[in-house]
Amino acid sequence: MDIIVCIKRVPETAEADIVLDAGKKGIDTDGMVFSINEWDNYAVEAAIQLKEAQGGKITVVSAGPEENNEVLRRALAMGADDAIRLTDPAFEGSDAIAMARILAAAIKDIPHDLILTGVQADDDGFGGTGVALAEMLGLPYAALVTDIQLDGDTLTVHRELEGGLEEVTAVKMPALLTIQTGINEPRYVSIMGIRKVAKKEIAEKSAGDLSLSGDDIGVKGSLSQIEGLFFPPVGEGAEIIEGTMDEKAETLVKILKERGGIA
Amino acid sequence: MDFELDLEQKEIVKAAREFAEGEFDPQLAFELEKTHTFPADIRRKACKLGFVGIHFPEEYGGQGYGIMENALIVEEFCRRDSGIGSAVVLSDFSSEVVMRFGSEAQKKAYLPKVASGAYISGGGYTEPDHGSDITFMNTTAVRDGDSYVINGSKTFITNGGIAQFLIVLCQTDENASPPYRGQSTFIVPTDVDGFEAVEIEDKMGLKMTSTAEIYFNNVRIPADALIGEAGKGFYQVLEFFDESRVEIAAQALGIAQGALDRTIAYIKDRSQFGKKIAAFQVNQHKIADMATRVELARLMVYKAAWNYDKGRIDPTLTSMAKMTAGQAAVYVADEAIQMHGGYGYIMENEVERFYRDAKITEIYEGTREIQKNTISSGIVGRYK
Amino acid sequence: MKKIAVLVEHRQGEIREITFEMLGKAHQLAGSDDEVQALFLGDTSQKELVAKVSPHAHTTLAVYDAALKDFEPLRYGSALEAVLSNADCDLLLMGQTAFGMDLAPALAAKMTMPFTSDVVDIEILDGGVKATRQMYSGKVSAAVSLKEAPKRLLTVRAGAFPAEDVPEVSGEVREIAWSVDGDFAVRKFLSYIEAAVGDVDITQADVLVSVGRGIKDADNIPVAQELADALGGVVSCSRPVADKKWLPKERQVGTSGKTVKPRVYIALGISGAFQHQAGMKGAATIIAVNKDPKAPIFSIAHFGIVDDLFKVLPALTEKVRELKG
Ligand SMILES: Cc1cc2nc3c(=O)[nH]c(=O)nc-3n(C[C@H](O)[C@H](O)[C@H](O)COP(=O)(O)OP(=O)(O)OC[C@H]3O[C@@H](n4cnc5c(N)ncnc54)[C@H](O)[C@@H]3O)c2cc1C
Ligand SMILES: Cc1cc2nc3c(=O)[nH]c(=O)nc-3n(C[C@H](O)[C@H](O)[C@H](O)COP(=O)(O)OP(=O)(O)OC[C@H]3O[C@@H](n4cnc5c(N)ncnc54)[C@H](O)[C@@H]3O)c2cc1C
């Protein structure tokens with residue numbers, strides 16, 4: 001079974017102090033730690049588990065600058081076989097749909113039975129690149145997948161719905177799935193893995209290589225555009241409890257008592 | 001000249017960091033510390049991922065990298081937790097003696113098992129009466145047919161209570177002159193008759209690591225447990241120390257960096273006199289001093305490792321690296337406690353453990369003073 | 001005159017709340033001579049559901065076909081295309097839900113509609129469509145514009161707009177013909193699996209001590225449990241904690257977990273992503289402990305402590321115990 005996994009490199013922002021960049025259309029990522037998008041890491045692991053059971057080949061694809069080789073190499077070390085980086089100044093400013101177009105142009109020429117992406121990316125939280133990609137490739141798909149069982153050329157998957165409800169759906173391969181966190185336990189990168197892929201080249205493809213014209217990609221090829229970023233209004237917000245730890249705890253207990261928090 | 005790690009080395013650092021962050025949990029560390037428990041599960045996982053014995057050749061179960069890559073892992077592990085990190089990285093201690101000087105059969109029998117996690121190793125050099133000076137050993141190994149019989153004792157032996165085998169430095173010829181020409185090293189399995197390990201429970205740090213006194217009472221081992229040639233033990237051990245000093249220096253570097261990390265976070269968080277204590281310039285300067293010492297240590301450790309991997313033996317350089325890194329660890333951990341105030345003095349705070357674990361790096365694998373002897377004799381020459 | 005269409009979302013015989021939230025917003029965006037449309041896809045047995053939405057739209061366009069009984073994006077997409085060729089709406093809204101996320105991006109790609117997802121606010125100015133969406137798990141907002149086009153598409157975050165007070169208008173229902181055309185067997189709905197029932201039902205608890213990724217490790221759960229025990233409450237969690245199996249899935253609060261309305265909800269080391277907020281913002285009192293003062297959780301919490309949860313927890317537990325003697 002040949003699998004393609006699309007992965008993204010994103011800054012870790014959960015505990016970081018975010019500062020907007022000068023143009024206010026992006027954030028200042030200076031000094032930030034980057035890693036593979038959490039959802040994509042689960043997708044890579046899902047691909048490896050399928051390969052371990054079925055054989056075949058895994059190709060990881062990432063669009064972005066040279067730093068993206070980090071996440072590609074990491075996926076190789078985990079167990080992927082090939083890596084391709086899509087890179088061109090012309091890609092800049094692409095919205096998620098244009099990005100799907102870039103990915104589709106690269107993927108259509110690589111043999112595949114299954115394509116995996118994460119449900120969404122940590123940074124833009126768009127949550128639609130995979131599904132748009134499936135449409136562009138003319139593949140059946142399922143989003144928000146939390147379980148995969150293989151039966152011949154059909155995948156029986158669980159899709160996560162709201163409120164803990166799940167849907168069981170059959171998808172015939174070739175197909176695309178967007179992978180939800182928690183579907184597996186992603187492995188650590190091993191030294192054996194790093195060593196095995198040390199000499200591995202990462203193929204690069206430009207807009208020209210993919211026969212993409214400037215009208216399809218970048219700002220021009222994107223039908224949506226970020227006008228600007230801003231910090232969400234704080235609203236009323238929480239009343240912040242100050243003081244020594246003892247005082248804080250004291251105040252909290254008082255609040256808990258008033259509000260029925262102590263049974 | 002290039003001061004950057006190469007791509008693979010950066011990946012190794014990241015892999016080690018991800019593993020340590022995922023597995024070395026502070027709460028768990030606190031429990032292991034209090035109960036003096038070796039982190040056996042974590043070590044097993046680390047072995048499975050190739051972190052332990054990364055510098056062993058592939059044919060002996062290792063990953064074929066150099067001591068540079070080993071140092072990077074040691075640094076990352078100890079940075080994340082001085083206790084768990086040290087215990088895990090020391091679990092292959094002295095295996096290098098087998099790797100560098102052992103026979104093919106010895107290497108095949110022991111190294112893959114250490115790398116896979118089946119065996120823990122250790123090295124017995126120090127004796128109650130011989131620490132810095134190991135030119136004469138009271139522990140003897142006497143040839144008897146096709147075996148050797150060992151008698152004597154060793155002390156402060158890392159992993160002594162949990163290892164499957166130890167490398168033991170013995171006097172095989174008490175009349176040799178100078179006496180160290182009569183020393184030999186042996187591989188001693190710990191399950192042989194007459195072998196006894198007594199755990200030294202109460203010590204300042206390294207609580208998750210076993211440190212033991214070892215007694216040999218007519219321990220009989222086959223003659224082929226001898227490593228290399230008889231009479232060459234002292235030289236082997238000195239050469240081994242040149243390598244192991246770099247590992248201990250990396251341990252010190254990791255401890256220093258870990259204490260620094262926590263201190264930077266703490267001073268940005270703690271407020272006194274109505275502002276963050278990071279706002280006081282005295283604290284900023286302290287961080288500057290700490291960070292500079294850490295960087296200095298790192299440069300020396302990396303250079304020493306790099307040089308060793310180039311096949312150059314340079315005790316002056318490795319001693320400088322170990323001395324510098326050990327001093328950095330002790331200095332930074334001390335300032336870390338200072339800047340944490342009372343909270344730093346409490347066991348629940350990680351820097352308290354870092355502080356206690358830092359000190360040993362100035363003692364074992366040659367005390368700071370012995371490093372200076374090595375450095376000065378390398379530079380000035382031997383004057384008596 | 002502009003026309004704003006809302007795709008009705010229904011599951012297991014019920015209209016989902018997001019539908020009314022979108023209809024409400026559509027009415028707010030619509031001027032006096034504008035039109036709000038509801039688009040309904042289902043089978044004939046679901047006709048009664050249409051009656052619940054049609055009073056809230058000027059026009060309801062419905063396709064009834066046995067093939068549309070359960071949500072399946074390929075069929076729904078095809079039927080929706082048929083509807084849209086009749087609907088001539090300028091803007092289509094769908095939910096950023098398991099339903100919308102499985103359909104909208106494909107539709108946008110197929111029909112070349114300008115599209116953005118997960119919006120929390122919408123503005124229509126001189127025919128231009130501007131939306132606000134969040135990035136970096138809610139720490140940053142983005143103003144996004146959609147280019148000029150006959151039809152534009154947005155998916156709307158659940159809970160972003162109120163579902164109450166959706167205006168009633170005398171709506172007509174028009175049936176649109178559609179028949180299965182194409183190979184839809186490649187994706188087939190099989191069944192639902194109901195959420196597992198655990199040993200504790202967090203939806204029934206009066207007090208929830210809820211832990212997020214900030215709790216760092218399974219070994220630390222007992223520290224939260226101690227507080228919960230002292231308070232007579234129950235421990236719940238955010239998604240990463242359930243993903244890592246530190247707590248069972250039934251303890252997860254949020255869109256893909258449970259919706260809870262306790263008297264007091266204490267969020268410890270939870271950043272407050274909207275999927276989490278959706279499950280707990282109905283709590284009477286929300287107390288958040290997080291070391292990041294900019295964590296989005298503080299925007300919906302009533303009380304906050306900016307500090308290390310591992311310091312707050314023991315201090316609080318002790319005080320509660322003191323109080324209870
Ligand atoms: C936790 C722990 C783990 C250890 N693990 C091992 C192990 O696995 N294997 C092993 O063989 N040993 C191990 N050791 C022993 C360690 O290597 C020795 O303690 C160390 O070499 C110093 O020897 P000593 O304790 O006998 O001190 P001494 O040699 O008695 O030194 C006492 C002091 O005198 C100074 N001194 C000695 N000679 C000179 C000199 N010529 N010039 C200037 N100053 C001098 C020393 O620097 C020191 O300050 C361990 C020790 C500890 C505490
Ligand atoms: C389709 C879909 C459905 C989803 N459903 C849900 C759902 O139902 N429920 C849900 O929760 N999520 C859900 N998510 C995931 C959601 O987007 C977030 O990823 C998740 O809620 C983040 O969890 P968290 O706040 O625990 O972790 P993080 O966002 O990583 O936040 C951790 C927080 O802990 C703080 N912290 C760290 N250490 C400490 C400390 N020592 N003391 C104090 N604070 C500390 C940090 O400052 C940070 O704010 C869903 C996502 C998708 C795509």
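First the proteins, then the strands, lettered A, B, ... as listed; each starts at 1.
C:P114 has its side chain out of reach of A:S224: every pair of non-hydrogen atoms, C-beta onward, lies at least 4.5 Å apart. A 4.5 Å side-chain heavy-atom check between A:V168 and C:F189 finds every atom pair outside the cut-off.
Expressed to the nearest 0.5 Å, how far OG1 of C:T132 lies from CZ of A:F230 amounts to 4.5 Å. Rounding to the nearest 0.5 Å places CZ of A:R259 at 4.0 Å from CZ of C:F303. Atom CD of A:E135 and atom CG of C:L107 lie 8.0 Å apart (nearest 0.5 Å). In this structure, CG on A:L252 lies 5.5 Å from CG on C:L316, to the nearest 0.5 angstrom. Once rounded to the nearest 0.5 Å, the distance linking CG of C:L146 with CG of A:L223 reads 8.5 Å. Distance check: C:L74 CG to A:Y141 OH gives 5.5 Å after rounding to the nearest 0.5 Å.
Of the atoms belonging to C:D307, it is side-chain heavy atoms, and not backbone ones, that fall under 4.5 Å from chain A. The part of A:T156 that comes within reach of chain C is its side chain, from C-beta onward, which places non-hydrogen atoms under 4.5 angstrom from that chain. For C:E322, no part lies under 4.5 angstrom from a heavy atom of chain A. For chain A, the nearby parts of C:S256 are the backbone and the side chain; heavy atoms of each come within less than 4.5 Å. Interface remark: A:I226 contributes backbone and side-chain atoms alike to the contact with chain C (heavy atom separation under 4.5 Å). In this structure, chain A has heavy atoms under 4.5 Å from both the backbone and the side chain of C:T97. Heavy atoms closer than 4.5 Å to chain C are found in the side chain of A:K257, but not in its backbone. Using a 4.5 Å cut-off between heavy atoms, C:V144 contacts chain A through both its backbone and its side chain. For C:I266, the part sitting under 4.5 Å from any heavy atom of chain A is the side chain, from C-beta outward, and nothing else. Contacts of A:D124 with chain C are made by both backbone and side-chain atoms, with heavy-atom separations under 4.5 Å.
Of all heavy-atom pairs between A:R159 and C:F99, the closest is NH2-N, 4.4 Å. Taking both residues in full, the closest heavy atoms of C:A108 and A:I97 are given as CB-CD1, 4.3 Å, listed atom of the first, atom of the second, then distance. Closest approach of A:K248 to C:V306, counting heavy atoms only: NZ-O, 4.0 Å. The two atoms that bring C:D292 and A:A14 nearest to each other are OD2-O, 3.6 Å, heavy atoms only. Closest heavy-atom contact between C:M101 and A:G127: CE-O, 3.8 Å. Smallest separation of non-hydrogen atoms from A:G128 and C:P105: O-CB, 3.2 Å.
Among A:V119, A:N184, A:L161, the residue making the largest number of heavy-atom pairs under 4.5 Å with chain C is A:L161. Per-residue counts of heavy-atom pairs under 4.5 Å with chain A were compared for C:E148, C:R187, C:M135; the largest is that of C:R187. Most heavy-atom pairs under 4.5 Å with chain C, from the set A:T181, A:I18, A:T129: that is A:T181. For chain A, the option among C:T317, C:L190, C:V264 with the highest count of heavy-atom pairs below 4.5 Å is C:L190. In terms of heavy-atom pairs under 4.5 angstrom with chain A, the leader among C:D206, C:D118, C:I287 is C:I287. Of the listed residues A:L256, A:I183, A:L165, the one with more heavy-atom pairs under 4.5 angstrom with chain C than any other is A:L165. Comparing C:K245, C:E250, C:R152, C:R213 by heavy-atom pairs within less than 4.5 Å of chain A, the highest count is held by C:R213. Heavy-atom pairs under 4.5 Å with chain C peak, among A:P140, A:A238, A:G261, A:G182, at A:A238. Interface remark: of the candidates C:K110, C:K258, C:K294, C:K110 forms the most heavy-atom pairs closer than 4.5 Å to chain A. Per-residue counts of heavy-atom pairs under 4.5 Å with chain A were compared for C:Q134, C:R133, C:K244; the largest is that of C:R133. Among A:E185, A:E242, A:E38, the residue with the largest count of heavy-atom pairs under 4.5 Å with chain C is A:E38. Each of A:A134, A:A142, A:A96, A:A100 has some count of heavy-atom pairs under 4.5 Å with chain C, and the biggest count is that of A:A142.
Atom NZ of C:K130 has 12 or fewer neighbouring heavy atoms from other residues, nucleotides or ligands inside a 6.0 Å radius. The neighbour count for C:K188 NZ, taken as heavy atoms of other residues, nucleotides or ligands under 6.0 Å away, does not exceed 12. The neighbour count for A:K108 NZ, taken as heavy atoms of other residues, nucleotides or ligands under 6.0 Å away, is above 12. Counting non-hydrogen atoms of neighbouring residues, nucleotides and ligands closer than 6.0 angstrom, the CD atom of A:E12 exceeds 12 such neighbours.
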> Step by step, would you call C:K324 with A:I262 a side-chain contact (heavy atoms from CB on, under 4.5 Å)?
Replying inline: CA-CA 9 Å; C:K324 297 180 85 175; A:I262 302 181; 4.0 Å; yes
> Could you walk me through whether A:E162 and C:R16 pass the salt bridge (Lys or Arg N to Asp or Glu O under 4.0 Å) check?
Replying inline: CA-CA 10 Å; A:E162 285 77 15; C:R16 298 188 52 80; 3.7 Å; yes
>> Walk me through whether A:E258 and C:R263 qualify under salt bridge (Lys or Arg N to Asp or Glu O under 4.0 Å).
In response: CA-CA 11 Å; A:E258 278 166 23; C:R263 279 205 299 264; over 6 Å; no
>> Set out, in order, the CA-CA distance, both residues' side-chain angles and the distance that settles side-chain contact (heavy atoms from CB on, under 4.5 Å) for C:T116 and A:F126, then state yes or no.
In response: CA-CA 8 Å; C:T116 199; A:F126 190 76; 3.7 Å; yes
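When only modelled atom types and interatomic distance are considered, A:Q225 and C:S145 share no side-chain donor-acceptor pair under 3.5 Å.
If you look at C:Y136 and A:F231, their ring centroids are not closer than 6.0 Å.
A:E160 has a carboxylate O that lies under 4.0 Å from a charged side-chain N of C:R239, or vice versa, which qualifies the two as a salt bridge. Salt-bridge formation is detected for the pair A:D246/C:K319: a Lys NZ or Arg NE/NH1/NH2 atom is positioned less than 4.0 Å from an Asp or Glu carboxylate oxygen. Under a 4.0 Å N-O distance rule, the pair A:E15/C:K139 does not qualify as a salt bridge.
One N or O on the side chain of C:K147 and one on the backbone of A:S222 form a donor-acceptor pair closer than 3.5 Å.
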